[in-house]
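Notes follow once the structure below has been shown.
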Number of protein chains: 2
Amino acid sequence: MSLRHAVLGLLERRPSTGYELTQTFDRSLRTSWQARHSQIYPELAKLEAAGLVEVVGHGARGSKTYAITPAGRAELRRWLVEAQPDRSQRSESGLRLFLTPLLDQADRRATYERDLAHVEHELTALEELRSGMEPTTDPEVFAAQVELGIRINSVLRDWLLEQIETAGEPEGADQ
Amino acid sequence: MSLRHAVLGLLERRPSTGYELTQTFDRSLRTSWQARHSQIYPELAKLEAAGLVEVVGHGARGSKTYAITPAGRAELRRWLVEAQPDRSQRSESGLRLFLTPLLDQADRRATYERDLAHVEHELTALEELRSGMEPTTDPEVFAAQVELGIRINSVLRDWLLEQIETAGEPEGADQ
DNA sequence: ACGGTACATGTCAAAAATGACATGTCAAGA
DNA sequence: TCTTGACATGTCATTTTTGACATGTACCGT
């Protein structure tokens with residue numbers, strides 16, 4: 001039940017509308033937790049019923065701004081600090097990487113190159129984010145996360161480059 | 001619908017029983033895709049009905065060994081090579097890392113240290129795996145994946161170490 | 001004034017995933 | 001002989017997630 005804590009966490013960062021949360025899920029959280037608006041709006045309603053968030057304002061086009069309550073903050077902290085983390089993951093890309101050695105050389109190379117293009121693209125976006133980040137605005141602590149993203153993608157890029165260069169080597173379960 | 005392809009991929013590596021697949025999901029695939037036996041057995045039945053896998057043997061305790069069929073192999077290749085990868089992920093640990101800056105210094109440090117312990121543990125396991133791996137047995141290609149796991153966990157370890165050392169710096173959304 | 005797009009919130013059926021329940025076998029050690 | 005634990009397969013109610021449907025508003029450019 002991480003969705004609840006993801007929402008709570010985003011509202012701890014700043015009060016937001018469901019629409020804004022949906023965008024943040026899609027832009028910043030897509031590599032850790034995704035959620036569609038069809039999940040977010042009902043979750044906000046449940047959270048409000050449980051007293052963990054509250055509506056603090058009504059804006060244009062019927063928008064409602066939610067903020068975390070003290071009870072919500074306590075629950076968020078409890079989850080972050082005391083709850084046993086579930087280390088398992090769901091990553092289609094990870095699964096593909098795991099299975100790629102089953103392909104013949106040409107297909108293997110093609111999929112690694114496709115992945116490499118994606119990683120380079122991510123890396124560029126993260127580097128732009130880093131250079132465009134002013135330490136005066138709120139996210140100074142989040143700079144560390146951008147840095148982590150860059151490092152992980154760099155490792156991935158180097159590894160993919162090695163796999164592509166080593167193509168032609170003995171294969172796995174192929175004939 | 002990645003479960004189907006995960007099962008197909010594992011059966012491409014070697015024919016297995018549902019029980020063996022469950023173990024592989026838990027041991028090798030837990031960082032990319034998890035699945036319980038309650039999902040695996042019905043999936044095998046569906047895959048068999050679709051002609052993508054077949055029962056190739058009956059063993060002790062009513063066990064059934066499944067193997068991939070040519071149609072299954074074709075579908076696996078199609079998915080790996082032609083299907084558009086879904087790059088989104090679900091990772092509670094990633095979410096926690098994203099939200100950790102919201103905690104006060106003491107809590108933040110404690111959670112980073114908990115994560116560090118886990119990463120060190122993973123790293124030890126992967127390094128043992130690497131040194132115990134004989135290049136004569138089947139997984140020669142999978143050595144690259146172990147290597148990738150080691151590199152990513154090393155990056156994570158270094159980053160966590162830095163975060164712990166830098167503790168006491170200005171914080172995020174806390175007062 | 002009109003049309004397109006981004007903003008904004010919701011519902012719901014269907015699919016995927018979890019956790020509990022249920023049942024039984026085989027081997028090893030006490 | 002008995003009991004424990006690993007092996008082995010299954011079902012099912014509930015929860016979570018997705019994708020489609022549904023509806024309406026505010027702003028911007030022409």
Side-chain angles (χ1 to χ4, degrees), chain A residues 1-8 10-11 15-27 29-30 32-50 53 55-66 79 83-92 94-95, chain B residues 1-8 10-11 15-27 29-30 32-50 53-66 79 83-92 95:
Chain A
M1 222 185 22
S2 298
L3 173 67
R4 146 164 308 209
H5 298 104
V7 170
L8 244 21
L10 293 184
L11 291 179
S16 315
T17 65
Y19 188 82
E20 286 165 344
L21 291 177
T22 303
Q23 287 182 123
T24 308
F25 267 99
D26 197 43
R27 287 174 195 162
L29 239 49
R30 91 189 169 291
S32 10
W33 204 268
Q34 3 130 225
R36 319 276 165 148
H37 78 274
S38 58
Q39 231 187 328
I40 292 167
Y41 290 115
E43 188 61 40
L44 281 169
K46 272 189 255 169
L47 245 15
E48 196 192 2
V53 307
V55 176
V56 292
H58 295 266
R61 277 163 288 205
S63 74
K64 286 184 281 181
T65 301
Y66 289 87
W79 180 73
Q84 177 83 15
D86 174 1
R87 307 278 177 185
S88 65
Q89 306 194 5
R90 273 246 159 69
S91 157
E92 198 192 282
L95 176 61
Chain B
M1 221 188 18
S2 297
L3 173 67
R4 145 162 312 209
H5 300 103
V7 170
L8 244 22
L10 293 184
L11 291 179
S16 314
T17 65
Y19 187 82
E20 285 165 345
L21 291 177
T22 303
Q23 287 183 122
T24 308
F25 267 98
D26 197 44
R27 288 175 194 161
L29 239 48
R30 90 187 170 293
S32 358
W33 205 270
Q34 3 129 225
R36 319 278 164 143
H37 78 274
S38 59
Q39 230 188 328
I40 293 167
Y41 290 115
E43 189 61 39
L44 281 169
K46 273 190 255 171
L47 245 15
E48 196 192 3
V53 307
E54 59 184 346
V55 176
V56 291
H58 295 265
R61 278 164 285 206
S63 75
K64 287 185 279 181
T65 300
Y66 289 87
W79 181 73
Q84 178 84 15
D86 174 2
R87 307 278 177 186
S88 66
Q89 306 195 5
R90 272 249 158 67
S91 157
E92 199 191 281
L95 176 62

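In what follows, chains carry the letters A, B, and so on, assigned in the order in which the sequence lines appear, proteins first and then strands, with residues in each chain numbered from 1.
Proximity of a side-chain donor or acceptor of Arg90(B) to a complementary backbone N or O of Ser32(A) within less than 3.5 Å is not detected. A donor-acceptor pair is defined here as one N or O able to donate and one able to accept, closer than 3.5 Å; such a pair exists between the side chain of Glu92(B) and the backbone of Asp86(A). Under the 3.5 Å distance criterion, the side-chain polar atoms of Arg30(B) are matched with a main-chain donor or acceptor of Arg27(B).
Interface residues of residues 15-24 of chain A facing DNA chain C, ordered by number: Thr17(A), Gly18(A), Tyr19(A), Gln23(A); criterion, heavy-atom separation under 4.0 Å.
For the pair Tyr41(B) and dT9(D), the criterion of a side-chain N or O lying under 4.0 Å from OP1 or OP2 is met. For dA17(C), neither phosphate oxygen OP1 nor OP2 lies less than 4.0 angstrom from any side-chain nitrogen or oxygen of Gln34(B). Put simply, Arg36(A) has no side-chain N or O that comes within less than 4.0 Å of OP1 or OP2 on dT17(D). OP1 and OP2 of dT16(D) both lie 4.0 Å or more from every side-chain N or O belonging to Gln39(A).
Within 4.0 Å of Arg4(B), counting heavy atoms only, lies no atom of the nucleic acid at all.
At whole-Å resolution of the value, CG in Asp86(B) and P in dA15(C) are 18 Å apart. Residue Leu44(B) contributes atom CG, which lies 12 Å from atom P of dT11(D) at whole-angstrom precision. We find that CZ of Phe25(B) is positioned 14 Å from P of dA16(C), with the value rounded to whole Å. One can place NE2 of His58(B) at 21 Å from P of dC7(D), the figure rounded to the nearest angstrom. One can place CD of Glu92(B) at 14 Å from C1' of dT16(D), the figure rounded to the nearest angstrom. If you take CD1 of Ile40(B) and P of dC7(D), they are 15 Å apart, rounded to a whole angstrom. In this entry the distance linking CE of Met1(A) with C1' of dT17(D) reads 15 Å, nearest Å. The CG atom of Leu47(B) sits 15 Å away from the C1' atom of dA16(C) (whole-angstrom rounding).
Nearer to the 5' terminus of DNA chain D, by closest-nucleotide assignment, is the contact made by Ser38(B) (compared with the other of Lys46(A) and Ser38(B)). The residue among Arg61(A) and Leu3(A) whose nearest nucleotide of DNA chain D lies closer to the 5′ end is Leu3(A).
Within the 4.5 Å cutoff, the side chain of Thr22(A) has no heavy atoms near those of the Arg36(A) side chain. Between Leu44(A) and Leu11(A), the closest side-chain pair of non-hydrogen atoms falls below 4.5 Å. A heavy-atom distance below 4.5 Å is found between the side chains of Trp33(B) and Ser2(B). Two residues are said to be in side-chain contact when any heavy atoms from C-beta on lie closer than 4.5 Å; Val56(A) and Tyr66(A) fail this criterion.
For His37(A), the side-chain atoms get nearest to dT11(C) when compared with the rest of dT9(D), dT11(C), dC26(C). Nearest to the side-chain atoms of Pro42(A) among the listed nucleotides dT11(C), dA26(D), dT9(D) stands dT11(C).
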